[in-house]
Visitor: 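Questions regarding the structure given below will be posed in turn.
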There are 2 protein chains.
Amino acid sequence: MPVLTGIPHDPEDGDSPMHQPNDAQPQKVDRRVQRTRQQLHRALMELILEKRYDKITVQDIIDRADVGRSTFYAHFLDKNDLFEQGLQLLGQDMHDHAADAHDEDHVVHSLSFFRHGQENRDMYRAMFDGGGGDFLLELGRRHIVADIEEHLAQQGSSDRGGIGGTPPNVVAQFMAGAMMSVLTWWLREDRPVPPEEINEMYQKLAMSGLQSLR
Amino acid sequence: MPVLTGIPHDPEDGDSPMHQPNDAQPQKVDRRVQRTRQQLHRALMELILEKRYDKITVQDIIDRADVGRSTFYAHFLDKNDLFEQGLQLLGQDMHDHAADAHDEDHVVHSLSFFRHGQENRDMYRAMFDGGGGDFLLELGRRHIVADIEEHLAQQGSSDRGGIGGTPPNVVAQFMAGAMMSVLTWWLREDRPVPPEEINEMYQKLAMSGLQSLR
DNA sequence: CAGTTATCGAACAAAGTGTTCGATAGCCAA
DNA sequence: TTGGCTATCGAACACTTTGTTCGATAACTG
């Protein structure tokens with residue numbers, strides 16, 4: 001009775017056969033399933049570039065994707081579910097890019113963010129304007145917070161608990177928020193400076209704060 | 001034919017008699033109108049504390065407020081309109097508090113934010129969790145950006161254009177994002193440190209960046 | 001008090017949501 | 001190639017929510 005093999009719907013019940021179990025076991029997914037999901041993701045992304053996210057209906061999506069209504073609900077819980085899963089793919093994409101990059105010795109691999117933003121500018125802007133920005137911000141922030149906390153954990157291992165009186169997670173939140181804010185502002189610019197340049201500004205502020213401006 | 005005297009629905013057509021014209025001219029508003037609006041604002045805020053913002057319907061609101069359906073739409077365009085206008089009231093509230101405070105010589109009057117957050121913690125948290133966080137973040141960010149840009153404009157008037165190579169609006173975005181991120185994180189904490197303490201951390205990071213942690 | 005104006009409330013069309021189910025087409029392994 | 005399995009289709013459905021309309025009623029203001 002496999003109903004749609006390999007759907008991550010319920011995070012519990014651990015007998016789902018398709019969930020990329022542990023190691024790199026290819027695990028074949030029915031072509032039809034692949035095609036359907038891809039169509040839906042593509043359709044949503046296209047629509048996001050055309051109208052506000054919160055004005056997009058499930059009907060719009062399945063029309064564009066040319067997929068049956070019931071099929072949609074066989075794959076995703078609702079529109080948000082589709083969107084979030086799509087974002088995760090994006091997140092992975094960025095993470096892969098970041099792996100190559102190796103921003104010299106910067107604390108945050110911030111350049112990757114700006115470069116990824118550069119390449120996907122239209123989509124990002126559409127998302128932020130359309131009411132889907134919440135998800136995106138949260139996702140980005142989680143990435144950065146993890147990044148920074150790891151970094152701080154390494155070099156700050158001597159000062160256990162708090163570094164200079166400021167707990168690592170506060171620092172992480174601070175930097176992540178700053179990063180996302182600068183990023184979204186930069187994405188909205190009409191004639192934006194290149195990613196390397198905005199990254200330099202961010203790094204300067206992150207390292208020395210306002211003091212660097214005197 | 002005055003249809004609901006003094007409704008800000010259409011920002012154009014400047015003959016609306018109730019719009020607090022320019023100076024401090026009291027301008028009487030029909031008691032019924034005041035009562036209705038107040039009821040609706042109160043109802044929404046109550047509901048926000050009970051369930052996710054995006055799951056609240058207009059029906060819920062008017063039931064709670066004990067107001068007719070048509071009356072609701074006579075006052076507000078929709079749920080978001082009501083919410084945003086409610087936030088503006090909050091924003092004014094905070095701004096008034098901030099006026100008293102005079103955070104010593106800090107660049108941002110950040111303590112006001114943390115104090116205001118302290119007092120309205122439940123409501124803020126509910127908003128951020130419920131999908132209404134977008135509005136709130138934007139509102140807070142606008143406040144801060146204005147605050148910082150003003151500050152920088154004063155002392156940085158000598159360096160016209162960019163201060164130390166970093167444009168003022170980039171600095172403002174950086175600090176505003178950092179502020180809102182730390183604020184929301186702090187609001188979510190179970191046993192949060194007092195506002196003065198979190199404010200110190202923020203100020204330290206804002207002034208000296210990561211360098212201060214060495 | 002009299003005239004003005006906001007509110008009520010019921011009814012309405014329209015749009016969207018999420019589900020069901022039998023029939024069909026496509027896939028995969030043997 | 002075949003046989004069995006399974007994803008898709010698509011139409012129909014009940015349900016919720018939205019935003020509007022309008023005449024009757026109640027409340028406010030001067």
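Reminder, nothing fancy here: chain letters follow the sequence lines and each chain counts from 1.
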Visitor: Give the nucleotide from the list D/dA7, C/dA6, D/dT20 with an atom nearest to the side chain of A/V33.
Guide: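 So the side chain of A/V33 is nearest to D/dA7.
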Visitor: Is the shortest side-chain heavy-atom distance between A/F83 and A/F76 below 4.5 Å?
Guide: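 SC-SC contact between A/F83 and A/F76 ruled out.
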Visitor: Near DNA chain D, counting only heavy atoms under 4.0 Å, which residues of residues 43-50 of chain B show up?
Guide: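 Nothing qualifies; none.
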Visitor: Which residue pairs pass the salt bridge (Lys or Arg N to Asp or Glu O under 4.0 Å) test with at least one member in residues 171-195 of chain B, sequence neighbours excluded?
Guide: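 Qualifying pairs: B/D129-B/R188.
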Visitor: Please assess B/E46 against B/R42 for the test salt bridge (Lys or Arg N to Asp or Glu O under 4.0 Å), listing each intermediate value before the final yes or no.
Guide: CA-CA 6 Å; B/E46 281 182 24; B/R42 184 187 51 74; 2.6 Å; yes
Visitor: CZ of B/F72 versus C1' of D/dT17: gap in Å, rounded?
Guide: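 The answer, rounded to whole Å, is 13 Å.
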Visitor: Hey, are B/D81 and B/Y73 close enough side-chain-wise for a donor-acceptor pair under 3.5 Å?
Guide: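 The answer is no; no qualifying pair exists.
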Visitor: How many Å lie between NZ on A/K55 and P on D/dT18, as a whole number?
Guide: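 Going from A/K55 (NZ) to D/dT18 (P), I get 11 Å.
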Visitor: At under 4.0 Å, does any side-chain N or O of A/Y73 touch on OP1 or OP2 of C/dG18?
Guide: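 So the side-chain polar atoms of A/Y73 do come within 4.0 Å of the phosphate oxygens OP1 or OP2 of C/dG18, strictly under.
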Visitor: Roughly, in whole Å, what's the span from CG in A/L40 to C1' in D/dA7?
Guide: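 Rounded to whole Å, this separation is 13 Å.
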Visitor: Go through B/Q118 and B/R115 one step at a time and tell me if the side chain to side chain donor-acceptor pair (under 3.5 Å) criterion holds.
Guide: CA-CA 5 Å; B/Q118 171 91 311; B/R115 288 217 173 111; over 6 Å; no
Visitor: With distance as the sole test, does A/T184 use its side chain to make a donor-acceptor pair with the main-chain N or O of A/M180 at under 3.5 Å?
Guide: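 Yes: the side chain of A/T184 pairs with the backbone of A/M180.
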Visitor: Could you run down the sub-3.5 Å N/O contacts of the protein with nucleotides 26-30 of chain D?
Guide:
from: D/dA27; atom 1: N3; to: B/R32; atom 2: NH1; distance (Å): 3.1
from: D/dT29; atom 1: OP2; to: B/R31; atom 2: NE; distance (Å): 3.3

Visitor: B/N80 has an atom CG; how far is it from atom C1' of D/dT18, in whole Å?
Guide: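 Roughly 13 Å, once rounded to whole Å.
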Visitor: Locate the shortest heavy-atom distance separating A/L187 from A/G117; write the atom from each residue and the value.
Guide: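 What the structure gives for the nearest pair is CD2-O, 3.6 Å.
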Visitor: Which listed nucleotide (C/dT7, D/dC9, C/dC8) is nearest to the side chain of B/T36?
Guide: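 It is C/dT7.
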Visitor: For DNA chain C, what residues of residues 57-65 of chain B have any heavy atom nearer than 4.0 Å?
Guide: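 Those residues: none at all.
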Visitor: Checking side-chain polar atoms at under 3.5 Å, does A/R69 have a donor or acceptor matched by the opposite partner on A/Q59?
Guide: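 Judged by distance alone, the side chains do pair up.
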Visitor: Note down the inter-axis angle between the two ends of the helix from C/dC1-D/dG30 to C/dA30-D/dT1, five pairs each, to the nearest 10°.
Guide: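 Result, rounded to 10 degrees: 50°.
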Visitor: With no hydrogens and no angle check, is any side-chain donor or acceptor of B/S181 less than 3.5 Å from a backbone partner on B/A178?
Guide: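 No, because the side chain of B/S181 does not come within donor-acceptor range (under 3.5 Å) of the backbone of B/A178.
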Visitor: For A/H75 and D/dA7, is the shortest distance between a side-chain N/O and OP1 or OP2 below 4.0 Å?
Guide: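 No, because none of the side-chain N or O atoms of A/H75 sits under 4.0 Å from OP1 or OP2 of D/dA7.
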Visitor: Can you check the A/F76 CZ to D/dT8 C1' distance for me, whole Å?
Guide: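 Answer to the nearest Å: 15 Å.
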Visitor: Looking at residues at least two apart in the chain, or sitting in another chain, which of them share a side chain to side chain contact (heavy atoms under 4.5 Å, CB included) with A/Q34?
Guide: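 Checked A/Q34 against side chain to side chain contact (heavy atoms under 4.5 Å, CB included); matches are A/V29.
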Visitor: Could you state the atom-to-atom distance from CG of B/D81 to P of D/dG19 in whole Å?
Guide: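 The distance from CG of B/D81 to P of D/dG19 comes to 11 Å, rounded to the nearest Å.
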Visitor: Could you state the atom-to-atom distance from CD of B/Q34 to P of C/dT5 in whole Å?
Guide: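 To the nearest whole Å, that distance equals 17 Å.
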Visitor: Within the structure, does a side-chain N or O atom of B/S70 lie under 4.0 Å from either OP1 or OP2 of C/dC8?
Guide: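 No, outside the criterion.
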Visitor: Nearest nucleotide by nearest heavy atom, which residue falls closer to the 5' end of DNA chain D, B/I56 or A/D66?
Guide: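 Its nearest nucleotide lies further toward 5', so the answer is A/D66.
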Visitor: Got more than 12 heavy atoms from elsewhere within 6.0 Å of CD, B/Q38?
Guide: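 No - once you tally the heavy atoms of other residues, nucleotides and ligands closer than 6.0 Å, there are 12 at most.
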Visitor: Rounded to the nearest Å, what distance is computed from the CG atom of residue B/D54 to the C1' atom of nucleotide D/dT17?
Guide: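 Whole-Å distance recorded here is 14 Å.
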Visitor: Do B/L90 and B/H116 touch side chain to side chain, with heavy atoms closer than 4.5 Å?
Guide: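 When only atoms from C-beta onward are counted, B/H116 and B/L90 do touch, with a gap below 4.5 Å.
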Visitor: Taking the six-membered ring of B/F72, is NZ or CZ of B/K79 closer than 6.0 Å to its centre and within 45° of its axis?
Guide: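 No - B/K79 does not lie over the ring of B/F72 by the 6.0 Å and 45° rule.
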Visitor: Given B/K55 and B/D60, is the salt bridge (Lys or Arg N to Asp or Glu O under 4.0 Å) satisfied, shown in steps?
Guide: CA-CA 10 Å; B/K55 294 300 176 191; B/D60 293 334; over 6 Å; no
